[in-house]
Amino acid sequence: MKRNVFAAFIIAITTFALLSAGCGSKTAKGGTYSATEKGFGGDITVSLTIDASGKITKADIDASHETPAVGQAAASKLADAIVSGQTADVDTVSGATITSTAVRTAAAAALKKSGASAASYQKTKAEKGADEEVTVDVVIAGAGGSGTAAALAGAEAGEKVLILEKLPSYGGNTRLSSGFFAVNTSLQRAKGMHLSEDVAINRLLEFNQYLSNGPLTRAIVYKSADTIDWLTKYGMAFHLQEKTTQFAHEGDDYEAFCYHKYDNSAEGFDHLYDNLKKMGAELRTETTMTELIQDKDGAVTGLKAVKKDGGILTVHAKSVVVATGGFGGDTDRVKKEMNTPYLNFIGMPSMGEGLDAMVKVGAKSWDATPLLHGSQLAKSEVAQESTGEHLAGYSDSALTWLLQSPLLWVDGTGSRFVNEDVVYDTAFWANAAYAAGGRYFIVVDQATLDRYTKGDTLRLSYTGPGPSKEGGDLTALAEQAIAGKTAWKGNSLADLAQAVGFEKDDLSESVKRYNKMVKQGKDTDFDKSAASLKFDVSRGPFYAFDCRAVFLGTIGGVKVDERLRVIDVATYKPIPGLFAAGTCAGGYYTGKGYPPFEGLASGFAWTSGRIAGESAAAYAKAEK
């Protein structure tokens, strides 16, 4: 009898131990626990529901500030992985490293609040997936606009096409863009516009000081109108904007009305991939290209990639199109390229793997550089509870009324540096901010905040997301920004200079000269319009708001010719079998300045991708 009781006791203890080990911490308390961590676009909050046995039954992730197609999609996958794996140590979602890291950190903090020990929710090591080899005619790395267009062109030519995309979904930066630069289109002609491709080409070349690739520029511009019709045939819908939101472009049809806006880019991409599937093309997501394969003669004959499960995918192909995007997600590389840490990033986190792989097989990095585009209010590094959400970049806060106004701007020394009317051109606005070191300051007085609160403002720029559609108490918002250390206040200009770190004499002289020009209605330093010389800076207290230049990924890439063949600069001959498109192809831009034509990058993505796909398909046919 005693032996049976003892045995039962041992069984009970063993069962309890196994249950505890299998479903969580011995010390975790049932309930819902939350923690917040900074992600790519803003704060991410993870809430974990744990039952009485210690099992994680639910994971809610608020990633509303992340990019919908990347960060938000990743958050959904990570929530499922936390519950299925019973761990905070989930695998990074490809292309969403920052979001994944924030989710893991917040989930671990939430578990800690439950009383759980880290060892209780350790990750079970997953086995590496099987390696795989496939053979196709054309393989395309990247499923953004350029890669998608290349795939359509290759499939249309009857080739067997494989598309690899490291993100969970297709579209890339092109899916986030608003429209497409094209000249002499059917949509323009229907509205009575008769624009010349030659005029557009010459204006682009002149803006680029003839450092860009002339034949490539001609090929892109002359094919742009037909590419609009071609994409429309496969399900992407466009319309011409009725008026430009970049007021500096008013009266210039080339700058404003070559912009063909998507009706719905996400829906359009779905239609394109439905058609690609019907044409026999295959798409593999969460598969990251790592290197190109060459034969003994130097021809590119395929590539290698890492699959989601860690297995290696080797693709043998007659031709390869690299359309993986630039290196915008590599912040260290951007800082080195731009010589400043003061830049805000909007876009897909491309890390430059395609560019680097092409350089390793003989390509020449030609003109890749961050795409400067607009400016934002600085993002607060102070806890959200004390500042609110209005501080990060674009927002619904009325502080964006100040951001998107040509008020007085000064650089880090307190010196005025530009005609502030550049706010009405997205590219020039960012260029000016970058010229000031990537960071500048809006300086206003109390009277200006009071008038803005009442709705008495300068003409607000509607570039990018545009300003807040509702007003607010600008003084109260300024105080919140001060608490978040993205704005400063001084009862005198000397106090303000000390608070920010300006040179006292530089700020004083800049304000003195500016006030004089406001009074006389003429800007004798930078020729700002009289209409923008409305607010002086004379009645304290005085405020300075921290602003940063923005970049949308990168532009430029390796040296290519007009057929998007990648060039070995040493011999100035194409590398056989290798093609590049979109932000992997150089020569359409030059330097860090982006030409003032709306939709230029998106237009280049689609049209260069189409040409690259046609060229790759023709090469593949010739190799059979």
Side-chain angles (χ1 to χ4, degrees), residues 243 245-248 250 374-378 380 386-410 416 418-425 429 440-493 495-496 499-500 507 510-523 528-547:
K243 60 182 180 180
T245 58
Q246 298 194 49
F247 301 140
E250 290 176 335
S375 296
Q376 290 184 332
L377 297 169
S380 176
S386 65
T387 63
E389 296 181 0
H390 73 281
L391 298 169
Y394 296 113
S395 69
D396 291 330
S397 164
L399 284 183
T400 55
W401 289 13
L402 302 177
L403 173 70
Q404 303 207 222
S405 294
L407 293 162
L408 171 61
W409 300 352
V410 300
R416 185 172 179 238
V418 74
N419 173 350
E420 295 88 352
D421 281 339
V422 294
V423 74
Y424 297 130
D425 182 299
W429 179 17
Y440 71 94
F441 302 83
I442 302 169
V443 176
V444 297
D445 64 3
Q446 186 63 53
T448 301
L449 293 186
D450 292 344
R451 290 171 68 179
Y452 265 62
T453 296
K454 295 175 182 177
D456 180 14
T457 72
L458 294 176
R459 188 184 192 189
L460 302 180
S461 172
Y462 278 79
T463 58
S468 168
K469 294 179 173 58
E470 297 182 7
D473 185 334
L474 270 293
T475 300
L477 291 170
E479 292 295 338
Q480 291 182 51
I482 291 166
K485 299 188 184 302
T486 59
W488 295 265
K489 178 181 179 180
N491 289 324
S492 66
L493 290 174
D495 290 341
L496 182 64
V500 182
L507 179 64
S510 292
V511 172
K512 180 181 177 181
R513 287 183 63 80
Y514 188 76
N515 287 344
K516 180 179 179 181
M517 290 185 286
V518 170
K519 186 175 181 180
Q520 68 188 19
K522 183 173 178 59
D523 182 354
K528 181 157 77 171
S529 67
S532 296
L533 291 168
K534 182 177 177 180
F535 295 94
D536 62 12
V537 182
S538 58
R539 196 191 86 191
F542 303 96
Y543 301 83
F545 296 85
D546 190 349
C547 302

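The structure displayed is predicted, hence computed values, not measured ones.
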[X] vs [Y] side-chain heavy atoms within contact, under 4.5 Å:
{"X": "Lys534", "Y": "Asp456", "result": "yes"}
{"X": "Val423", "Y": "Trp409", "result": "yes"}
{"X": "Pro467", "Y": "Tyr462", "result": "yes"}
{"X": "Thr448", "Y": "Tyr543", "result": "no"}

Side chain [X], main chain [Y], donor-acceptor under 3.5 Å:
{"X": "Asp445", "Y": "Arg539", "result": "yes"}
{"X": "Glu420", "Y": "Pro406", "result": "no"}
{"X": "Trp401", "Y": "Ser468", "result": "yes"}

To check you understand the geometry: which heavy-atom pair defines the closest contact between [X] and [Y], and what is its length?
{"X": "Tyr514", "Y": "Phe535", "result": "CE2-O, 3.4 Å"}
{"X": "Lys489", "Y": "Ala499", "result": "O-CB, 4.1 Å"}
{"X": "Gly490", "Y": "Asp495", "result": "CA-CB, 3.8 Å"}

- Message: Under the rule for side chain to side chain donor-acceptor pair (under 3.5 Å), what residues qualify as partners of Ser510, not counting sequence neighbours?
- Response: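 Ser510: no side chain to side chain donor-acceptor pair (under 3.5 Å) contacts found.
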
- Query: In Å, rounded to the nearest 0.5 Å, how long is the span from CG of Leu377 to CG of Leu403?
  - Reply: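 Between atom CG of Leu377 and atom CG of Leu403 there are 4.5 Å.
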
- Query: Going by atom types only, do Asn515 and Ser538 share a side-chain donor-acceptor pair under 3.5 Å?
  - Reply: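 Looking only at side-chain atoms, Ser538 and Asn515 do not form any donor-acceptor pair under 3.5 Å.
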
- Message: Between the side chains of Glu250 and Lys243, is the shortest nitrogen-to-carboxylate-oxygen separation below 4.0 Å, so that they form an ion pair?
- Response: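 No, Lys243 and Glu250 are not salt-bridged.
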
- Look at Asp523 together with Lys528 and state whether they make a salt bridge at an N to O cut-off of under 4.0 Å.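 Salt bridge flag = no for Lys528 with Asp523.
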
- Test ring-ring contact (aromatic ring centres under 6.0 Å, His included) applied to Phe247 - qualifying residues, sequence neighbours left out: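 Tyr424.
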
- Return the set of residues passing ring-ring contact (aromatic ring centres under 6.0 Å, His included) with Phe542 (not counting sequence neighbours), or none when no residue passes.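 Not a single residue meets the ring-ring contact (aromatic ring centres under 6.0 Å, His included) criterion with Phe542.
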
